[in-house]
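What follows is a set of notes on a single structure, which appears directly below.
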Amino acid sequence: MNVYRTHKCSELSVSNLNEKVILSGWVDTIRDHGNLIFIDLRDNFGLTQCVIDAKQGIFNKINELTHESVIKISGQVIKRSDDTINTKLSTGEIEIKVNEFELLSKSEVLPLPVNSDIEYGEEVRLKYRFLDLRRKKLHNNILLRNKIISSIRRKMIANGFIEFQTPILTSASPEGARDYLVPSRIHKGQFYALPQAPQQFKQLLMIAGFDKYFQIAPCFRDEDSRADRSPGEFYQLDFEMSFVTQDDVFNAIEPVLYEVFNENNKYNRELPATVSKYPFVRIGYEDALEIYGTDKPDLRNPLIIKDCTNSFINSNFKIFNDQIKKGSIVKGIVVDDTADKPRSFFDKLNQWAREEGAAGLGYINFVDNSYKGPIAKNLDQDQLKLLDLKNNQSIFFICDKRKDAQLFGGKVREKICSDLNLLNKNSFEFCWIVDYPMYELDDKTNKVQFSHNPFSMPQGGMDALENMNPLSIKAFQYDIVCNGVELSSGAIRNHRTDIMYKAFEIAGYSKSDIEKKFPGMLNALKYGAPPHGGSAPGIDRIVMLLADEPNIREVIAFPMNQQAMDLMMDAPANVDKTILEELGIKLIDKN
RNA sequence: GCGGGAGUAGUUCAGCUGGUUAGAACGCUGCCCUGUCACGGCAGAGGUCGCGGGUUCGAAUCCCGUCUCUCGCGCCA
């Protein structure tokens, strides 16, 4: 028998009446009635009320207990009288009449109360993360994370994926984010890098013939943080498959994501959230920009953006007309049931648009068969008809150069949606963004460069590279997006050295450039590589969506703060001079 | 690197256009209380108002600088 407990703090009920039991846990709440004390004892599993009265010998010692001390109690399970049953607790029909107790570990006065749900400052929460993790919300989030990860792992293994571990100390990647570097003691002046993703290793495993790879992979990128981006490290469900096309990759991962979301769609929710059924909607990259104004559209938002340039060509609305002649386009967003809103509604949106740097936000309202608003009188009936408005609809216009009009249209779409509360918050809407361009022009140098992953296979292969305008070549490159959050990007990889040399040549790299940058990868491709591809959904973001948390730190047990510091462990920190000398490192004094 | 918000008791916060000894709640300490579950009641301790400078008879409050936290931009093949 375990010396610390016969039961967990969630287990006891009327079916255990009169049993002698032992429980161990934390002192969650103390209610001291003078000659009668109630203690709520808490462990990972639940709460049990313990009661001690003054006649018992241990009473004085119990009286000295502090919150969050760890104790072991033994006593008898007794039924509560009907009027003292607590329906909020699973153990609320019983309590433990304590006759022995032992203080296992005393707690000092807490810097952060554990038994309350009030929000506290992040600095204290991060410094005393072990206390924050005891609190209900964070504790449950981390348990949810475990449930999600173990479910993913089971499904991937059941689907024939093999789990691997890949190196943490590896070489710096020439493309992408900044690397975290680790100095080498044996090779002074040289550095390992932590992997930004196991990209090359998983491809090498495909070349090694393992057919299907997966890993719950730690990734390290030295980027500045955001609410949905933890600095330092994050985890991906990294997977890769051999002898597949893009559709095969989609078919493999869609059921996994759908099921993981569906299994956890009740967490912290009154009603279960709906999850979009697979196959998920596929949207071309260019279409996404045209219709949603972003390459990570939130499909819960019912608004769409359409092109209205034709209504303004040769119209009397000089401002737009002049812009169109200079190459601008007009985008419009139609909104239901707003045409009768007061003038102030439209003025506020216009004001917002100006604050966002736009010239303004024009609009037309269609009520009782007549077109209203400042712009309407400048269009003739045919031009207005083209807008295709129904009764009580409004349409908002954005006029700018194509790319700027698209992106600002995306902002307007989000703004109107949130102002009018059009979002169905209780759903998960997935889509694939496909057909990313292989190349783009660098804004500053005007040179052709890779727009995404240089290892992706160009659509049309060698033929496309040799004969098409590089800027119109698409790649087998795709992102999966859920509720406006980019969960992952992936690709069918380029497994042919001849196509790779050519692809890099277009981006201005010579054969020897690539051989220097990716020696391992290139060498491997020379000895028989299967066609392969994969993707890597972000685990932290999946948990964040399912936990309905706006901040990624709420689903990571030990996150760093925004400045990439671990306030609890005090990292990063200075190191001893002798250690630096051993590594051949000399610090520059900034002063 | 840039922009927004914040920094007052152990914690969460209030403190108006400058004006006595800077408040509340929770927590903490002591006392009272045998049916609470956010137990209740009484009393008490606890503050360099982030830090430095300035304006003023007088600064938590106004001004300048600086540091820290946070949100966003840049960054994120």
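These values consider heavy atoms only, across backbone and side chains, with no hydrogens, waters or symmetry-generated copies. In what follows, every chain begins at residue 1, and chains take the letters A, B, ... in the order their sequences are listed.
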- Message: Tell me if the aromatic rings of Tyr180(A) and Phe220(A) count as close, with their centers under 6.0 Å from one another.
- Response: no
- What heavy-atom pair brings Leu465(A) and Ala503(A) nearest, and what distance separates the two atoms? CD1-N, 3.7 Å
- Message: Please check if the number of heavy atoms outside Lys296(A) that lie under 6.0 Å from its NZ is greater than 12.
- Response: no
- Rounding to the closest angstrom, what is the interatomic distance between C13(B) and G50(B) at atom P? 14 Å
- Task: Take atom P in G46(B) and the same atom in G4(B), then report the distance between them in whole Å.
- Result: 40 Å
- Query: Contact class for Glu119(A) (heavy atom, under 4.0 Å): base, sugar-phosphate, or nothing?
  - Reply: sugar-phosphate
- Looking only at heavy atoms, which two atoms of Ser242(A) and His532(A) are closest? And how far apart? CA-CB, 3.9 Å
- Message: For C76(B) and Arg541(A) - does any side-chain N or O of the residue sit under 4.0 Å from the phosphate oxygens OP1/OP2?
- Response: no
- So, does the side chain of Arg221(A) form a donor-acceptor pair with the base of C76(B) at under 3.5 Å? no
- Short question: side chain of Asp540(A), backbone of Tyr235(A) - any donor-acceptor pair under 3.5 Å? yes
- Complement of G30(B), any strand, by Watson-Crick or G-U distances under 3.5 angstrom: C42(B)
- Using Watson-Crick geometry (N1-N3 plus N6-O4 or O6-N4) or G-U wobble (N1-O2, O6-N3), each under 3.5 Å, A25(B) is paired with U11(B)
- With the side chain of Asn551(A) defined as its heavy atoms from C-beta on, choose the nearest nucleotide among A77(B), U11(B), U70(B). U70(B)
- Message: Between Tyr292(A) and Asn301(A), do the side chains contain a donor N or O and an acceptor N or O under 3.5 Å apart?
- Response: no
- Message: Applying the Watson-Crick and G-U wobble criteria at under 3.5 Å, what pairs with U68(B)? Answer none if nothing qualifies.
- Response: A6(B)
- Which part of the nucleic acid, if any, lies within contact of Arg553(A), taking any heavy atom under 4.0 Å across all strands shown: a base, the sugar-phosphate backbone alone, or nothing? sugar-phosphate
- Query: Tell me, for nucleotides 25-38 of chain B in 5' to 3' order, what letter each nucleotide earns: B for a base near a protein heavy atom under 4.0 Å, S for only sugar-phosphate near one, - for neither?
  - Reply: --SS----BBBBBS
- Query: Could you state the CG-P distance from Leu112(A) to U11(B), rounded to the nearest angstrom?
  - Reply: 10 Å
Show me the donor-acceptor pairs, under 3.5 Å and distance only, between side chains in residues 552-573 of chain A and residues at least two apart or in other chains.
{"residue": "Arg553(A)", "atom": "NE", "partner": "Glu122(A)", "partner atom": "OE1", "Å": "3.2"}
{"residue": "Arg553(A)", "atom": "NE", "partner": "Glu122(A)", "partner atom": "OE2", "Å": "3.3"}
{"residue": "Arg553(A)", "atom": "NH2", "partner": "Glu122(A)", "partner atom": "OE2", "Å": "2.7"}
{"residue": "Glu554(A)", "atom": "OE1", "partner": "Arg125(A)", "partner atom": "NH2", "Å": "3.0"}
{"residue": "Glu554(A)", "atom": "OE1", "partner": "Lys137(A)", "partner atom": "NZ", "Å": "3.4"}
{"residue": "Glu554(A)", "atom": "OE2", "partner": "Arg125(A)", "partner atom": "NH1", "Å": "3.1"}
{"residue": "Glu554(A)", "atom": "OE2", "partner": "Arg125(A)", "partner atom": "NH2", "Å": "3.2"}
{"residue": "Asn561(A)", "atom": "OD1", "partner": "Gln563(A)", "partner atom": "N", "Å": "3.0"}
{"residue": "Asn561(A)", "atom": "OD1", "partner": "Ala564(A)", "partner atom": "N", "Å": "3.2"}
{"residue": "Asn561(A)", "atom": "OD1", "partner": "Met565(A)", "partner atom": "N", "Å": "2.9"}
{"residue": "Asp566(A)", "atom": "OD1", "partner": "Met568(A)", "partner atom": "N", "Å": "2.9"}
{"residue": "Asp566(A)", "atom": "OD1", "partner": "Met569(A)", "partner atom": "N", "Å": "2.9"}

- Message: When the C1' atoms of G10(B) and C71(B) are compared, how many Å lie between them, rounded to an integer?
- Response: 27 Å
- Message: For Ala475(A), is there any backbone N or O sitting under 3.5 Å from a side-chain donor or acceptor partner on Gln459(A)?
- Response: yes
- Task: Check every atom of C75(B), A77(B), C71(B) against the side chain of Asn453(A) and return the nucleotide holding the closest atom.
- Result: A77(B)
- Options G72(B), U68(B), A77(B), nucleotide nearest the side-chain atoms of Met565(A): U68(B)
- Rounded interatomic separation in angstrom, taking CD from Glu68(A) and P from U11(B): 17 Å
- Given the side-chain rings of Phe130(A) and Trp26(A), with only the six-membered ring counted for Trp, is the space between their centroids under 6.0 Å? no
- Query: How long is the line joining CD of Glu554(A) and P of C71(B), in whole Å?
  - Reply: 10 Å
- Rounded to whole angstroms, how far apart are CG on Asp224(A) and P on C71(B)? 12 Å
- Rounded distance in Å - NZ (Lys127(A)) to C1' (U11(B)): 14 Å
- Query: Who does C73(B) pair with, Watson-Crick or G-U, both distances under 3.5 Å?
  - Reply: G1(B)
- Test: Lys202(A) cationic atom under 6.0 Å from Tyr213(A) six-membered ring centre, within 45° of axis: no
- Query: Taking atom C1' in both G44(B) and G3(B), what distance in whole Å separates the two?
  - Reply: 47 Å
- Distance-only side-chain donor-acceptor flag, Asp132(A) / Tyr120(A), under 3.5 Å: no
- Task: Would you give a per-nucleotide map of nucleotides 2-9 of chain B, 5' to 3', where B means the base has a protein non-hydrogen atom under 4.0 Å away, S means only the sugar-phosphate does, and - means neither?
- Result: --------
- Between U66(B) and A25(B) - C1' atom distance, rounded Å: 33 Å
- Message: Any strand counts, and the cut-off is 3.5 Å on both contacts for Watson-Crick or G-U wobble. Which nucleotide pairs with G19(B)?
- Response: C57(B)
- Note on the structure: From CD of Gln563(A) across to C1' of C67(B) the rounded distance in Å is 11 Å
- Task: Specify the separation, in whole Å, of atom CD of Gln199(A) and atom C1' of C76(B).
- Result: 15 Å
- Integer angstrom distance from the C1' of U17(B) to that of G27(B): 36 Å
- Task: May I ask you to say what Gly121(A) touches in the nucleic acid, namely base, sugar-phosphate or nothing, with a heavy-atom cut-off under 4.0 Å?
- Result: sugar-phosphate
- Message: Rounded to whole Å, how long is the line connecting atom CZ of Arg125(A) with atom P of U70(B)?
- Response: 11 Å
